[in-house]
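Just so it is clear, the structure is predicted and the values come from calculations on it, not from any experiment. In the text below, chain A, chain B and the rest are named by the order of the sequence lines, each starting its count at 1.
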Amino acid sequence: MIKEGSTVLPGDKVAISEELQPGEGTYEKNGEIIASIIGRFRVDRQRMTAIVEPLTKIPLVLKAGDTAICEVKQLTEAMVIVRIIHIAGNKRQIAGEKDGAIHISNIADEFVDDIGKKYRIGDIIRAKIIRVEPAIQLSTKGKGFGTIKAYCTNCRNPLIRKNDLLECPSCGRMEERKMADDYGEGNLDRVI
Amino acid sequence: MLIKDGIRMDGRKPDELRPIKIEAGVLYRADGSCYLEWGGNKIMAAVYGPREALPRHIQDPTKAIVNARYNMASFSVEERKRPGPDRRSTEISKVTSEALESVIFTELFPRTTIDVCIEVLDAEAGTRCAGITAAAVALADAGIPMRDLPVACAAGKIDGTVVLDLSSEEDKEGEADLPVAIAPRNEEILLLQMDGHLTYKEFEEALDLAIKGCKEVAKLQRKALLNKYKTFEVE
């Protein structure tokens, strides 16, 4: 086993299989544990695993708990289908599946009767990922979550907040949405 | 006359490399990048992804696609090169993709592509080796898990002598060119091509020499990456 805390590169042997189990950032081949990324070598003594803590940015794989910025793609009776376009605080593009669903019970804290009064196709929303397997599930419960930018269903112009409702500046139409508390401010990287 | 008393036209010994300079993480927008100078070659490599593969029908539900694109700038050679992909660069893109794919843990990122752009800004023989070497550094810089850090180097034959890392004249006038890419840890061969003629014995000699050269270049790759990331070491 090499010294803990040393910087390793892909292909560097860090330990042998008798000593440790391969963990994050390592793999096992022919009885050796080898680093697969650039990072610092660590040992998890509880699990007796070898870990390489990345020193580089790593590929963005979605996980439960991430704050996601999504676009509403489709509305059904009990579900909102969204496409995740950004993860707050991360510059990288998403690796893998990007389509997710928000069940009607996860839209707001209160009972939701009509999905069309909460979200509309094309809305940009902030949501929390609550599950990634077997399919991505999101939730917009809580005041930080909900629409951060919505469009008029009549003329497609961006809506402006008027107290608890949204107003279209060009046609004057009033619409209802589940809004985030910072609607219209464009905070894409706010992590909640 | 390419070699005289064991000294080549540019003053190198038969088993000597051209000067190499590698720098990791040079592009802001790319996920990982590398700039490499190898003799008269100037190469920029950028890695994007893993990201969603589009159109959807090219996605592989079991693993990521490694898509390397080798491109020569129109000003990279003496006579202006017509821009865009041609037969040669399409081939190099393919063999590079396959060499890189065999070291990347593609199964960790299903339905995605990992795009590697290799731009040749200035060319002087051995660009495919330089491209793979630069791409490897860029992939490591992007934090993509790999079995090993691939590296490439060429050997060849000039005036009946087997030599390492052909220069432009040696490539044109010489008898053979043998680019080799390996995973240095276990010397697994990732790419092996040959242009010209070698006897079986010469081939073995050239392959050994190329692998030796690869290991030299691998040291420089490691130095470039450690240079960038070792500064983080606080303890």
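For A:Y27, the ring-ring contact (aromatic ring centres under 6.0 Å, His included) test picks out B:F105, with sequence neighbours left out. A search for salt bridge (Lys or Arg N to Asp or Glu O under 4.0 Å) contacts involving A:R92 returns B:D31, not counting sequence neighbours.
Remark: A:R83 CZ is packed, more than 12 non-hydrogen atoms of other residues, nucleotides or ligands lying under 6.0 Å away. Crowding of B:R29 atom CZ: a count of heavy atoms from other residues, nucleotides or ligands under 6.0 Å not exceeding 12. The 12-atom threshold is exceeded at CE of B:M194, counting heavy atoms of other residues, nucleotides or ligands nearer than 6.0 Å. By the neighbour-count criterion of 12 heavy atoms within 6.0 Å, atom CD of B:E107 is densely surrounded, having more than that number from other residues, nucleotides or ligands. Taking a 6.0 Å sphere around CD of B:E119, one finds it holds more than 12 heavy atoms contributed by other residues, nucleotides or ligands. Applying the 6.0 Å contact sphere to NZ of B:K13 captures no more than 12 heavy atoms from other residues, nucleotides or ligands. More than 12 heavy atoms of other residues, nucleotides or ligands lie within 6.0 Å of CG in A:D109, so this atom counts as buried by the packing criterion.
Comparing B:T112, B:I104, B:L108 by heavy-atom pairs within less than 4.5 Å of chain A, the highest count is held by B:T112. Of the listed residues (B:P50, B:G25, B:G32, B:G49), the one with the most heavy-atom contacts under 4.5 Å to chain A is B:P50. Most heavy-atom pairs under 4.5 Å with chain B, from the set A:G39, A:A95, A:G25, A:G96: that is A:A95. Per-residue heavy-atom pair counts under 4.5 Å with chain B were compared for A:V61, A:L60, A:T56, A:I58, and the maximum is reached by A:T56.
One finds the CD1 atom of A:I34 at 8.0 Å from the CG atom of B:D148 (value rounded to the nearest 0.5 Å). If you take CZ on B:R222 and CG on A:D12, they are separated by 4.0 Å, rounding to the nearest 0.5 Å. Atoms OH and CG, from B:Y229 and A:L55 in turn, are 8.0 Å apart once rounded to the nearest 0.5 Å. Rounding to the nearest 0.5 angstrom, the gap separating the CG atom in B:L149 from the CG atom in A:L9 is 6.5 Å.
Residues of residues 162-192 of chain A lying within less than 4.5 angstrom of chain B, judged on heavy atoms, are absent. Proximity to chain A among residues 127-146 of chain B is limited to B:A140, B:D141, B:A142, B:G143, B:I144, B:P145, B:M146, judged by heavy-atom separations below 4.5 angstrom.
Salt bridge annotation for B:R111-A:D99: absent, with no cationic side-chain nitrogen under 4.0 angstrom from a carboxylate oxygen.
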Which is it for B:R147 and A:K29 under the side-chain contact (heavy atoms from CB on, under 4.5 Å) test, yes or no, and what are the steps along the way?
-> CA-CA 9 Å; B:R147 277 171 253 277; A:K29 184 87 189 270; 5.6 Å; no
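Heavy atoms of A:K57 lying under 4.5 Å from chain B belong exclusively to its backbone. For A:E32, the part sitting under 4.5 Å from any heavy atom of chain B is the side chain, from C-beta outward, and nothing else.
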